[in-house]
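Just so it is clear: chains get the letters A, B, ... in the order the sequence lines come, proteins before strands, and each one is counted from 1.
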2 protein chains.
Amino acid sequence: MTQSIEWLGDRLRFIDQSLLPLEERYNETDDCNVVAEAIRSLKIRGAPLIGIAAAYALALAAAGRAEKDPRAFHAFLLKTAEFLASTRPTAVNLQWALQRLLGRISPETPADEAKRILAEEAIAIHREDSAMCRRIGENGAALLENNSTVITHCNTGALATGGEGTALAVITTAHRTGKSIKVYADETRPLFQGSRLTAWELMKAGIDVTVITDSTAAALMKNERITCVITGADRIASNGDAANKIGTYALAVAARYHEIPMYIAAPSSTIDASIKDGNGIPIEERSPEEVTSIHGYRTAPTGARVYAPAFDVTPAQLITAIVTEKGIYRGPYAFTEEKVRERVELR
Amino acid sequence: MTQSIEWLGDRLRFIDQSLLPLEERYNETDDCNVVAEAIRSLKIRGAPLIGIAAAYALALAAAGRAEKDPRAFHAFLLKTAEFLASTRPTAVNLQWALQRLLGRISPETPADEAKRILAEEAIAIHREDSAMCRRIGENGAALLENNSTVITHCNTGALATGGEGTALAVITTAHRTGKSIKVYADETRPLFQGSRLTAWELMKAGIDVTVITDSTAAALMKNERITCVITGADRIASNGDAANKIGTYALAVAARYHEIPMYIAAPSSTIDASIKDGNGIPIEERSPEEVTSIHGYRTAPTGARVYAPAFDVTPAQLITAIVTEKGIYRGPYAFTEEKVRERVELR
């Protein structure tokens, strides 16, 4: 399994996903700003991995700070966390991980103790994520029968998480238990996470994967026996509405039209029970350049207007089941703060 | 309006669409093989334009042939037409145009007379196509009210035809008659005909156009007031099933789910009444490289399996109306050989 991120005690090692599949390059840094830039520029991506990376980044910022006064040190950490949170506004894991670190310290915590606590907590988040991935894979694999043909979108594997992945862990776990699984990977415009990353991971894992353009998926559902669609999620509202990579909603609509189950697999930290429904989920709009320029090659006229939302929201009624590390949920969904808080017990 | 193809008496001038929108370069040739290569490599593309170009190519091949014996000359033309027909197997206009030229001559026709006849017939096809576009635009414009917001796919404009286009002519005609039309252009993977060509044409025409990735369309239908979807077609079966650029079916499914009308605009030469339904339409599969390599930049691992159909088939029941130069048809469709043959009367 690919190790997408690794804590080396005083610095962070991570694979630069923006270079895949052409080059497998790892970066090492002890600089919080380098990690923030990596998150913003999608060198580090995938909702769970972003949370882990941001947690390590806050620990790095703390470790590198000479300040001794606890209150000033704490104020610095709050400001740094705010800065880190701004790198990807839609990803709730980012906010969640940072809040969890900050919850372990106070303005009275001595600086050296805070440094140790933040590093420990970041490591704990990473370990838990890896355990969560394993459980998501085990829970979700029950949904896949032998000889399944699955369509997936974006990347939700080891590259997106601190473990084996979410939606992709469902597939790799089913494969490992001897089931024959064929995967169609949406290339996932504009950034090709599906063709660049998912195809790369699945080929490495020896799983039968075929790349398609995003708009081929509906035609496949008509012409082939597709067993189900599985994707991850970046944020899930309490009613089960799920924000995920742009194109997920199109898949969900096509799956419903063809009476194919649509599954979402995500850690429970993705659930934001404070949000009633999808309307409350902020949708990050990315730069038009991501659509109109591919590695320097322009695909649209200069000055062309572009609408480039990074995510869309799939309403709960189109989601057959939501798989988390705790189990399989089916609609009508009603995620409460209590349910989400339960995850602390998993530590 | 862009002149995508022009007959110069002894040679053909055409815009190299594979270079747009970066460069507006025109090629001139008297070589049938150059035109065939241009069709195969999508320098010349768009179902109607392919037919016109193939007709001119056959006329060029005839003009350049020194052979005097009528039978040998005729045999050469049959062979050349077969070669030209093989460049894009799905496009029925290609076959239709070549058959029409061949139908004007016989093994007894003197070579010099055949040369003249073929050139005249190619010019006639071009003129008729231009007239057809005008009528398609006029017929279809009635479907668009003022302040419409339209999603379109691929390119169906002046670059795709010998005139103003098909689906795009509907939009440009409505715009010209004073209606305010906002267009979302699917970029249209894998070859970006939407972002490269449609956006370029509409911007030139002063029409409000916004580029989106293909999988954004469904989300737009949920979040914005989309009036309708309009696309072209490459082949229409007698029951109304329509083959068009891959992704059209996904749009049709999403449009149905959101109760948005789905229109197809195409010349009646696109209708192949000899085919009962969509199952009889051959679907060209293009090279995997078109998906995995963009201007030399690889978007998938080396050796990745790819499924890259060039077209999909939208069943008639998802098509609200089919617009041709003869009028607006609504389902249930029943196109007969007689109906299609009527087009000859338009000459």
Side-chain angles (χ1 to χ4, degrees), chain A residues 20-22 153 184-190 192 195-196 199-200 203-204 208-223 245-254 256-258 288 291-292 294-309 311-313 315, chain B residues 20-22 153 184-190 192 194-196 199-200 203-204 208-223 246-254 256-258 288 291-292 294-309 311-313 315:
Chain A
L20 286 173
L22 299 176
H153 193 68
Y184 283 101
D186 274 1
E187 63 175 7
T188 316
R189 283 285 289 152
F192 300 104
S195 52
R196 290 196 301 109
W200 185 78
M203 285 168 77
K204 269 199 151 186
D208 179 355
V209 58
T210 301
V211 172
I212 54 173
T213 62
D214 303 332
S215 75
T216 303
L220 259 185
M221 291 182 197
K222 177 157 80 83
N223 300 330
K245 181 62 55 199
I246 184 74
T248 304
Y249 176 67
L251 272 184
V253 166
R256 172 57 51 95
Y257 184 79
H258 296 91
V291 170
T292 58
I294 297 164
H295 226 243
Y297 171 66
R298 270 201 77 85
T299 58
T302 311
R305 198 176 291 125
V306 177
Y307 174 59
F311 303 94
D312 56 28
V313 174
Chain B
L20 286 173
L22 299 176
H153 194 68
Y184 283 100
D186 273 1
E187 64 175 7
T188 317
R189 283 285 289 152
F192 301 104
S195 52
R196 290 195 301 110
W200 185 78
M203 284 167 79
K204 270 200 150 183
D208 179 354
V209 59
T210 301
V211 172
I212 54 173
T213 61
D214 304 331
S215 74
T216 304
L220 259 184
M221 292 182 196
K222 177 156 81 83
N223 300 329
I246 185 74
T248 304
Y249 176 67
L251 272 183
V253 166
R256 172 57 51 94
Y257 185 79
H258 295 90
V291 170
T292 58
I294 297 163
H295 227 245
Y297 171 65
R298 269 201 78 83
T299 58
T302 311
R305 198 175 291 124
V306 177
Y307 174 58
F311 303 94
D312 56 28
V313 173

Region of B:Leu220 in contact with chain A, defined by heavy-atom distances below 4.5 Å
side chain
If you tally heavy-atom pairs under 4.5 Å between each of A:Ala217, A:Pro288, A:Ala308, A:Ala300 and chain B, the highest tally belongs to A:Ala300
Of all heavy-atom pairs linking B:Ser195 and A:Pro301, the shortest is O-CD, 3.1 Å
Contacting moiety of B:Val291, where chain A heavy atoms sit under 4.5 Å
both
Which of B:Asp208, B:Thr210, B:Asp214 touches chain A most, by non-hydrogen pairs under 4.5 Å:
B:Thr210
What part of B:Leu22 gets within 4.5 angstrom of chain A, counting heavy atoms only: side chain, backbone, both, or neither?
side chain
Of B:Leu20, B:Val313, B:Asp186, B:Thr248, the largest count of non-hydrogen pairs under 4.5 angstrom with chain A goes to B:Val313
By a 4.5 Å heavy-atom criterion (distance strictly below it), what part of B:Tyr307 contacts chain A: side chain, backbone, both, or neither?
both
Is it the backbone or the side chain of A:Val209 that comes under 4.5 Å from a heavy atom of chain B, or both, or neither?
backbone
Please classify the contact of B:Ala199 with chain A as side chain, backbone, both or neither, using a heavy-atom distance under 4.5 Å.
both
Determine the option with the most heavy-atom pairs under 4.5 angstrom with chain B, choosing from A:Ile294, A:Ile212, A:Asp312.
A:Ile294
Fit a plane to each ring of B:Tyr257 and A:Tyr249, take the angle between them on a 0 to 90° scale, and name the class: parallel (under 30°), tilted (30 to 60°) or perpendicular (over 60°).
perpendicular
Is there a side-chain contact between A:His295 and B:Thr299 in this structure, where contact means two heavy atoms from C-beta onward sitting under 4.5 Å apart?
no
Can you name the nearest heavy-atom pair linking A:Ile246 to B:Ser215, along with the distance?
O-OG, 3.6 Å
Given A:Glu187, A:Arg298, A:His153, the one with more heavy-atom pairs under 4.5 angstrom with chain B than any other is A:Glu187
Among B:Thr292, B:Thr216, B:Leu251, which has the most heavy-atom pairs under 4.5 Å with chain A?
B:Thr216
Heavy-atom distance under 4.5 Å to chain A: side chain of B:Thr302, backbone, both or neither?
backbone
